[in-house]
Structure formats: structure tokens, C-alpha cells
Amino acid sequence: MASKTAAGAAGAKRKASSGEKSASDSRTKKAKTVSTQKRAPKVEEEIAASDSASDASSDSGDGGARIASIPSRSKNVEDSGDVPARSIAVKNAQDSQSSKEAHAKQKALAQERRAAKPLADEVQRTKKLWEKLRRKSHVPKEERQQLVDELYSIITGKVKDFVLKHDAVRAVQTAIKYSTPAQRKQIAKELQGTYAQLAESRYAKFLIGKLLIQNDDEIRDLIMPEFYGRVRKLINHSEASWILDDVYRGVATKEQKANLLREWYGPEFALFRQSDNVEVTADLATILANEPSKRAIVMKYLIDMINGLIQKKLTGFTMLHDAMLQYFLSLRPESEELKEFLEIVKQDENGDLLKNMAFTKSGARLVCLLLAYGSAKDRKQILKTFKDTFQLMCGDDNAHMILLAAYDLLDDTVLCAKSIFPEILGKNEEKDAENIIFLANDVNARITIRYLFEGQSKSLFPSSRAADLEILSEIHEIRKNTSKKDPEIRRKELVSAMSPQLLAAVAASPKDLVSTSFGCQFVTEVLLSTVGDKTAALEAIASTAAGDPAAVADEDVYPPPPTHISLTPHGGKMFKSLLAGGRFDKEAGSIKRVDPPLNFADILYPVIKENVVQWAIGPSSFTVLGLLEAADFSSKKELLKTLRSHKKELEKAATEGMAVVKAKEEAAPTKGKGKGKGQAKPKSTGNPGSKLVLEKLGA
């Protein structure tokens with residue numbers, strides 16, 4: 001007995017020592033066992049109940065205690081944590097049922113909370129109506145009108161409650177989309193006094209745009225005054241800033257823009273506005289000239305607002321660019337303020353400020369002025385900022401002016417050419433022709449190429465581009481003090497840098513270029529003004545004149561072949577200019593030929609030789625006249641002989657050649673009102689070019 005006690009004590013010591021090492025393990029197993037017992041107590045009871053009969057029959061024979069395999073197996077389940085497949089199925093069914101019940105309770109609770117909100121039923125109904133109305137192509141017009149009428153019956157008088165709900169405001173926007181002018185005005189008046197609040201809403205701000213996009217002056221005049229006095233707050237708001245700038249740029253009148261922009265000059269301008277009978281101006285130079293004592297306060301307030309938005313990376317606002325331009329124009333040249341402002345613009349890390357400025361009217365002008373006043377280093381840094389953006393800029397209404405300013409201001413023409421030309425002309429042969437065709441035909445992009453050839457010609461700068469000429473005149477005056485290189489030398493160096501790519505593009509894609517009026521003008525200027533070997537380009541342009549102008553195209557062919565170039569007015573003008581070999585000099589009263597001469601007559605004549613009579617009696621008869629007048633034409637005698645043999649055809653064309661055109665003009669209705677108005681003077685029926693060719697034959 002003592003030995004057993006000693007052995008037990010020794011075992012207890014061993015267990016104690018080993019128990020300390022495995023305490024955490026035992027606690028973990030115990031926790032698992034307890035959790036298993038808690039997870040499936042009902043399962044064990046069911047297992048025990050199902051096996052009780054077999055337990056009783058096996059133990060009743062010997063009368064001993066119930067020791068069966070099933071309880072032992074249940075204990076193993078508890079110890080190991082394993083649950084038999086039948087137990088798992090029962091548990092999953094119970095969990096699934098309890099999960100569905102819980103989800104149903106949550107859903108019911110959410111519906112109760114939603115129903116307790118104001119206008120719950122109305123909002124729910126408007127959402128259903130919106131779901132139908134937004135699928136425009138799936139709803140017949142009559143049904144849509146019924147849905148809109150029902151929608152208006154719900155929201156009328158409650159619009160303010162609907163617009164601040166993210167789901168209900170969509171229905172209001174749809175109602176405005178299909179509304180009548182009277183209904184829109186009704187909604188606009190009902191929302192009066194809340195537009196500044198709506199502008200700050202993530203969803204309701206779009207409602208303002210929906211109301212203003214209809215170009216209703218009455219609605220605009222209701223909305224705009226609510227932004228007065230709040231510009232500083234709204235322009236710094238993450239949501240309101242964009243809608244404020246959209247309204248300022250797109251729909252505001254000149255006076256409304258001035259009122260908004262004046263608030264950038266200080267709190268005084270936000271609180272006190274000029275009376276209605278006084279013309280409102282946002283020209284800062286004029287304001288400071290009238291009140292010079294306020295200069296320091298106004299300039300500091302303005303630059304603080306500008307710098308704040310730049311630091312926040314909110315640099316895409318037109319209003320910001322207008323304010324920056326007003327600030328810059330109020331600075332004194334070569335002052336410390338101007339240098340500091342230039343540094344603020346240059347320090348923008350990603351260059352987003354300059355890139356955004358390039359695409360607005362005020363911003364583009366400001367960039368041009370920064371280039372004009374900046375040093376050579378400043379100009380280089382600004383130009384570097386626009387890398388990978390020049391092609392997009394050359395086709396923009398405003399940004400193309402920055403390229404012209406760079407041409408006129410940068411003394412380092414090598415840097416200018418390497419920065420701009422590879423992007424706008426193309427970096428490989430495949431892209432060159434595609435890009436140059438775009439440059440030739442785009443109304444803005446063509447200026448960025450032809451400006452170096454033609455300067456400020458009326459063909460590039462009509463009266464509609466007076467603002468462009470004002471900017472050029474402004475920077476030309478400034479560059480007298482800030483640039484050293486002679487303008488003509490600068491222009492020739494840039495033309496020399498771009499000539500190879502332009503001539504190669506003309507030689508590669510002549511038909512695409514001469515198919516449009518702008519393309520023919522581009523080709524003419526390139527061949528007259530570029531430097532280098534032009535033979536391949538001249539031959540390519542001459543090849544476009546091949547074929548019989550009188551041939552009638554097959555009507556069954558699709559797509560139909562292009563019109564022969566001799567039948568187009570722009571084609572005839574292009575050939576006439578190339579045959580003349582230069583431009584008309586008004587002072588001298590004659591053609592000033594290029595050097596070296598083009599000698600285009602000898603290149604073109606072999607191509608049109610077989611059909612030269614058709615050219616002489618057709619719309620491009622002046623091309624044949626140009627051949628006869630060309631001083632360097634070697635086949636003049638041969639051409640005269642051919643024309644004399646078809647003198648009767650020329651005489652007929654000279655007297656009746658335009659009869660078809662006259663008949664069409666007479667058949668067309670006259671324009672204008674009143675007696676005698678809109679009636680054109682009777683035109684001669686003959687072909688004027690054919691008449692002049694006949695005179696050459698007589699001579």
C-alpha cells in the first residue's frame with residue numbers, strides 16, 4: 001500500500017512537471033471540447049436516445065452498468081471535435097433555418113425604419129416610376145407622358161424634400177428631363193433659396209445642371225444670385241466647386257460672371273455689390289486704378305485664394321484661370337511679384353496647372369504672357385511641362401496659341417523644334433502622314449503649321465480670330481525686350497527643321513491631302529515655302545491629275561469614286577498657284593517666284609496631256625492658262641498646237657460653257673425679303689478661263 005502511495009506521489013510529481021509544459025495545450029483541448037459540446041448538445045441527446053434500446057438489451061443480461069459502444073463513441077466525438085455526417089446535416093438545417101429567420105427579421109426591421117421616414121411611400125413610388133422612365137426606348141411616348149404626369153403629381157409642393165435624398169433626386173431630374181417649360185419654372189421657383197445647399201450635395205448638384213441646360217433665362221436669373229457672396233466657400237468645396245465653375249463658364253451672363261469673379265478680390269466685393277444701374281466690371285486693373293489704396297489688400301487676398309486652390313490640386317477651373325490672368329495683368333513688369341507668381345506656376349509638381357490653363361481662353365493667354373516675360377530657362381521649363389500634350393493642344397481653340405507663342409518667343413529654335421515637331425508631325429513614317437493630314441484639315445491645327453509659312457494672313461486669321469491676333473500683337477511687343485534673335489531668322493530655322501517631314505508626307509499621301517480645300521491650301525504652302533528636294537512631292541501631286549475629267553462614274557459602283565480633281569474649285573486653284581511658282585506681291589503687282597523655281601509645268605503637262613482639252617473647257621481651265629503663262633514651260637508650242645486644233649470646242653465653252661450652272665442658279669429660289677432684295681446680278685454664261693485661253697491662241 002505504501003509502495004502504491006509512493007508510486008502515486010512520484011507520478012503526481014511527474015504529471016505536475018509535465019503539466020506545466022502542456023498547460024496551454026490542455027486548456028486548448030478543453031476549450032475545443034467545451035465548444036464542441038456547446039455546438040451540438042442536441043445532437044448528442046438525439047444520438048443517445050436513438051441508441052438507448054440497444055444499450056438496454058446488451059446490458060440487461062448480465063445486470064451490470066450500461067457500458068456500451070455508443071456512449072464511448074459520443075465521448076470520442078467530444079474529445080476529437082469530429083461530428084458525424086448525420087449530425088452535420090441536422091446542424092446545417094437548423095443553422096439555415098435560423099439564418100433565414102434572422103435575415104427576415106432584419107429585412108422587416110429595415111422596412112419598418114424606412115416606412116417611418118417622412119414621404120416613405122411617395123419616395124418608393126417615385127423610384128418605381130423612375131425605373132420605367134429611365135429606359136426611354138422601352139416606354140412608348142403616350143405611356144411616358146402618363147408616368148411623367150403621375151410623377152409631377154407626387155413631387156409638386158414637396159420638391160425640396162425630394163432633392164436632398166440620393167435616391168429620390170434622380171426621379172426629380174427625370175421629371176425635369178421630360179418636363180414642359182412651365183413645369184421647369186415651377187420646380188425652379190419651388191427650390192428658390194436652396195441652390196447653394198444643393199450645389200454642396202453629392203447628388204443634388206446635378207439637378208442644377210438639369211435646370212440650366214435648357215437655356216431658360218428666367219431660371220438662370222433665379223439660380224445665379226444665390227451663389228453671390230458664397231464664391232470663396234463654394235469654390236473650395238469638393239462638390240460645389242465643379243458645379244459653380246460649370247455655371248460660370250457655360251450659362252452665366254457677362255454681368256453675372258463679373259459679379260462672381262469680383263468676389264476673388266476680397267470680402268468687401270462679396271458683401272457689397274454695385275447697383276443695377278452701374279455697369280459691373282471684373283477688370284482688376286480698372287478697379288485698382290479707381291481705388292489705388294486697396295491694391296495691397298486686394299492683391300494679397302487674390303493670390304491667397306489662387307495659391308490655396310493650387311495647393312489643393314484644384315487647377316481645372318475656368319474661374320481660377322480668369323482670376324490668375326487678372327492678377328498677372330495687374331503686376332508691374334520685372335517686379336518681384338511677377339517673379340514670385342511665375343515661380344508659383346512653375347512649382348506645380350505634375351504640371352497639371354499649366355496643362356489645364358492651356359485649354360481655356362484666359363489660361364492660354366496667360367501661358368503666352370508667361371513665355372513672353374520669362375527667361376530662357378523659364379521658357380524651357382514651361383515648354384517641357386507640355387510634353388506629350390502638343391498634339392492635343394494644336395487642335396484646340398485656345399491651346400494652339402501657345403504653340404504660336406513658342407515659335408515667336410523661343411530663341412533656341414533647336415529646342416523648340418525637338419520639343420514640338422516630333423509630337424505634332426509624328427515620330428515614325430506610319431504616323432507622319434496620318435498626323436499631317438489631320439494638321440492640314442483641322443480648322444485649328446492647320447494654323448500651327450501654316451503660320452510659319454504665311455504669318456498673320458487673312459486666310460489663317462479671319463475676322464472671327466481677332467482675339468488670336470491681339471495675343472500675337474501683345475507678345476510681339478513684349479519680345480522686343482525679352483528676346484534677342486531676329487524673328488525672320490527664327491522663322492526660317494523652324495521651317496527648315498519641319499520641311500523634310502512635310503515634303504515626305506505630301507509625297508506619301510497626295511490623294512488624301514488634295515481631296516479637301518484646306519488640304520490643297522496646305523500642299524500649296526508646303527511646296528512654295530519649304531526647303532529641300534521637292535521633286536518627289538511635286539510628282540506625287542501631279543499624279544492626282546491623271547484620268548479623263550469627262551469620264552462618267554458607274555452609278556452601280558459603291559462607294560462611288562472621288563470626283564476628278566479638275567472638277568473641284570480647290571484643285572484648280574492649287575494647280576494654278578503651283579504653275580505660277582510663287583505668291584502674288586501686291587506692292588510689285590506681279591508674282592514673286594520662289595527660289596529655286598518649282599518648274600511644275602513640265603511635271604504636270606505629261607500627266608494631263610491626253611485630256612488637256614477637257615481641262616481647257618472645264619472648271620479648271622485656268623490650269624491650262626497657267627501652263628501657257630509659265631515661263632519655264634518647255635512644251636508650250638505643242639500645247640498651243642493641240643488647243644488650236646480644238647478651237648471650236650474652246651469657242652463653244654467660252655460662250656456656253658456655264659449655261660448649266662446658270663440654269664441651276666435661275667431654278668434656285670432667291671433669298672431675302674422685299675422687292676429686288678436677294679437677287680444676284682446676271683452672270684456671264686461663258687467659261688472665263690476658256691476665253692483667256694482663246695486670247696492666248698490669237699496672240
Side-chain angles (χ1 to χ4, degrees), residues 254 257 261 281-289 299 302 306 318 320-335 337-342 344-346 353-376 378-383 385-386 390 393-394 396-413 416 420 444 447-448 450-452 454-458 460-491 494:
K254 183 179 179 181
K257 285 184 177 180
L261 190 58
T281 179
D283 184 30
L284 185 56
T286 303
I287 295 172
L288 295 180
M299 296 294 280
L302 178 55
I306 291 170
T318 302
L320 170 64
H321 304 161
D322 287 352
M324 292 176 70
L325 179 63
Q326 291 299 323
Y327 180 83
F328 187 84
L329 294 176
S330 301
L331 298 175
R332 299 180 180 90
E334 300 181 1
S335 65
E337 289 177 323
L338 191 148
K339 294 178 182 178
E340 291 174 2
F341 181 78
L342 186 57
I344 290 174
V345 174
K346 289 179 357 184
L353 174 60
L354 281 169
K355 290 177 182 177
N356 286 324
M357 287 167 57
F359 295 94
T360 63
K361 185 177 179 179
S362 296
R365 182 186 174 192
L366 179 55
V367 175
C368 292
L369 292 174
L370 291 175
L371 285 170
Y373 281 108
S375 63
D378 295 332
R379 292 168 180 172
K380 180 179 179 180
Q381 186 172 345
I382 291 172
L383 203 64
T385 303
F386 291 113
F390 288 116
M393 291 168 62
C394 69
D396 185 75
D397 287 338
N398 302 304
H400 73 277
M401 286 303 302
I402 297 174
L403 276 70
L404 305 190
Y407 296 158
D408 286 343
L409 295 170
L410 266 73
D411 291 336
D412 189 350
T413 53
C416 184
I420 298 175
N444 294 311
I447 301 176
T448 60
R450 291 172 55 185
Y451 176 70
L452 294 172
E454 303 176 56
Q456 299 180 24
S457 65
K458 289 185 178 180
L460 284 182
F461 299 95
S463 58
S464 59
R465 291 191 177 273
D468 292 358
L469 293 176
E470 290 177 5
I471 294 175
L472 291 174
S473 176
E474 191 175 12
I475 63 175
H476 288 170
E477 189 65 28
I478 297 169
R479 77 177 176 184
K480 292 178 182 179
N481 301 320
T482 59
S483 296
K484 300 177 181 178
K485 185 172 287 189
D486 181 77
E488 184 60 20
I489 295 175
R490 184 190 293 109
R491 185 193 70 82
L494 291 173

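Please read all numbers here as calculations on a predicted model, not as lab measurements.
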Can you check whether [X] reaches [Y] side chain to side chain, under 4.5 Å on heavy atoms?
| X | Y | answer |
| --- | --- | --- |
| Leu383 | Phe390 | yes |
| Met393 | Phe359 | yes |
| Tyr451 | Asp468 | no |
| Met357 | Leu353 | yes |
| Leu325 | Lys361 | no |
| Leu472 | Asp408 | yes |
| Phe386 | Ile420 | no |
| Arg491 | Tyr407 | no |

For this session: Show your reasoning for whether side chain to side chain contact (heavy atoms under 4.5 Å, CB included) applies to Tyr373 and Leu342.
Result: CA-CA 9 Å; Tyr373 281 108; Leu342 186 57; over 6 Å; no
Examine distances only and state if a side-chain atom of [X] and a backbone atom of [Y] form a donor-acceptor pair shorter than 3.5 Å.
| X | Y | answer |
| --- | --- | --- |
| Arg379 | Ala372 | yes |
| Gln326 | Leu284 | yes |
| Arg450 | Leu460 | no |
| Arg490 | Thr413 | no |

Exercise. Just wondering, more than 12 heavy atoms not from Glu334 lying within 6.0 Å of its CD?
Worked result: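 12 or below, so no.
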Problem set entry | Flag for Asn356-His321: side-chain donor and acceptor within less than 3.5 Å |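 Asn356 and His321 do not have a side-chain donor-acceptor pair below 3.5 Å.
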Problem set entry | Asp396 and Asn444: side chain donor to acceptor below 3.5 Å |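 Judged by distance alone, the side chains do not pair up.
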In Å, rounded to the nearest 0.5 Å, how long is the span from [atom1] of [X] to [atom2] of [Y]?
| X | Y | atom1 | atom2 | result |
| --- | --- | --- | --- | --- |
| Leu403 | Leu452 | CG | CG | 10.0 Å |
| Glu337 | Arg332 | CD | CZ | 7.0 Å |
| Leu410 | Cys416 | CG | SG | 5.5 Å |

For this session: Carefully, step by step, assess Ile475 and Leu371 under the rule side chain to side chain contact (heavy atoms under 4.5 Å, CB included).
Result: CA-CA 9 Å; Ile475 63 175; Leu371 285 170; over 6 Å; no
Problem set entry | side chain to side chain contact (heavy atoms under 4.5 Å, CB included) between Leu329 and Arg365, worked out | CA-CA 11 Å; Leu329 294 176; Arg365 182 186 174 192; 4.0 Å; yes
For this session: Go through the steps for Phe341 and Leu366 under the test side chain to side chain contact (heavy atoms under 4.5 Å, CB included), then give the verdict.
Result: CA-CA 12 Å; Phe341 181 78; Leu366 179 55; 4.2 Å; yes
Exercise. If you take all heavy atoms of Ala364 and Ala358, which pair is closest and at what distance?
Worked result: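 Minimum heavy-atom separation between Ala364 and Ala358: CB-O, 3.6 Å.
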